[in-house]
Structures are given as C-alpha cells and as structure tokens.
Amino acid sequence: GAVVSQHPSWVICKSGTSVKIECRSLDFQATTMFWYRQFPKQSLMLMATSNEGSKATYEQGVEKDKFLINHASLTLSTLTVTSAHPEDSSFYICSARDWTPGETQYFGPGTRLLVL
Amino acid sequence: GESVGLHLPTLSVQEGDNSIINCAYSNSASDYFIWYKQESGKGPQFIIDIRSNMDKRQGQRVTVLLNKTVKHLSLQIAATQPGDSAVYFCAESQALNFGKGTSLLVTP
C-alpha cells in the first residue's frame, strides 16, 4: 500500500517550453500533496503544498507563475514548469499524505528534468 | 521554524557491521518521527517511524531509538549490506523540509 507514482520519470526539453509532471497516489486518497526539488548532492527543498480543490501554497522564493500546481482530485496533482530554462534542470519529487493530519508522507520516484 | 538536523554528513561502514545514524530535533512538541532512505536517483523511501510515547521501535534489521530528554533519535541498521548504501533522512511528522541527510557507504 501507499504507493505514489510520477510520470514521466525523466524528460528532456528545449529552453522556453513547458513541461508537465504528474503525481498520483495509487492506493489511497491524498488530500495533501507536496512538491520538492532536489539538486545533486543536496537535500529535498519544498516548493509547494497542494490541497485537493484549493490553491497551492508556495514556499518563499518559488515563483507560482512559473511552477503551476494543480490538485484537482484526491489522487492526482500536476506540476507544470512553464517556460523552462536550464537552471530549472533538477530532480522533482512529489509526496502524498492521506487525510490523517501528521501522518507519513509517501514519496514518488521522482522526475529528472533536463532543460537544454 | 524549528527544524530537524543530522549530526554527520557521511558514514562509512564495513559490510556486516552495524550502522548507527543520528538525528537531533529542536521542536520538543514533535510527537511523530520518520526515517527515510533515498537511493541515488530515486525518491525517498519510508523505513520506519516512531511516536513520542515510545522510546524504541524495531523493524526488519532496523531499530529507531527516541530520546525525548535530549531531543535525539537514531537509526540502527544491523548487519549492514551493500544495498543499504544510501542517504538517510529523519523527519518530524509535520516537517516539510529535510536536513542534508547522512550518506551511508557500505564497503565490502
């Protein structure tokens, strides 16, 4: 149980294009999903928190117009990197938590983005 | 806000030895802690958790110890194997940010 998937697992795109990453909770309903970014040899950095049916809450320094997050259902959240640039190249990881506050986050396998 | 931190950035152990990874936290109100393992190129994987009403919890080859007095928890891995090589993070239940983690390297 508690499986979270991400798609795609990796993506290469040209600078200026937009990329959408999907995060799905496969066997539980995720009222809250989190998006993280991780650069090589660094820790996970929280980008935003999304609750189903409401607007995402972004961490300081994260541009909400650049990183569009949609959490339209209890099993799916999407992150769209708009007008991607090489500095957006990173490992993007989502996690999901069920309705019980304070319980464990379950992480997806990550999506590696390379912007040329 | 208060955060969870890791004592050592790297730990090298020989295959078969026991490993101990330490973590300090600052929020005395924290009541639930989780250890995650992240292998290279993968997302973090849940290993074991512990609630504040316990001071020890055991899993398969792993044990988590919680010392609320000094706000410290540790992850013990018995008979460490090459497949245990990874970065280990501890987290509070509400923690949405992680420390740097401890990189465990298992040598033959």
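Naming: A, B, ... by sequence-line order, numbering from 1 per chain.
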Test: R51(B) cationic atom under 6.0 Å from Y32(B) six-membered ring centre, within 45° of axis
yes
Does one side chain, of Q29(A) or E52(A), offer a donor that lies under 3.5 Å from an acceptor on the other?
no
Select one option (side chain, backbone, both, neither) describing which atoms of Q38(A) are under 4.5 Å from chain B's heavy atoms.
side chain
Between Q38(B) and chain A, with a heavy-atom cut-off of 4.5 Å, which part of the residue counts as in contact: side chain, backbone, both or neither?
side chain
Could you measure the distance from the OG1 atom of T49(A) to the CZ atom of R97(A)? Nearest 0.5 Å is fine.
8.0 Å
What's the verdict on side chain to side chain contact (heavy atoms under 4.5 Å, CB included) for H7(A) and R24(A), showing C-alpha distance, side-chain angles and the deciding distance?
CA-CA 9 Å; H7(A) 178 80; R24(A) 293 181 185 272; over 6 Å; no
Based on non-hydrogen pairs under 4.5 Å, which of G41(B), G43(B), P44(B) is most in contact with chain A?
P44(B)
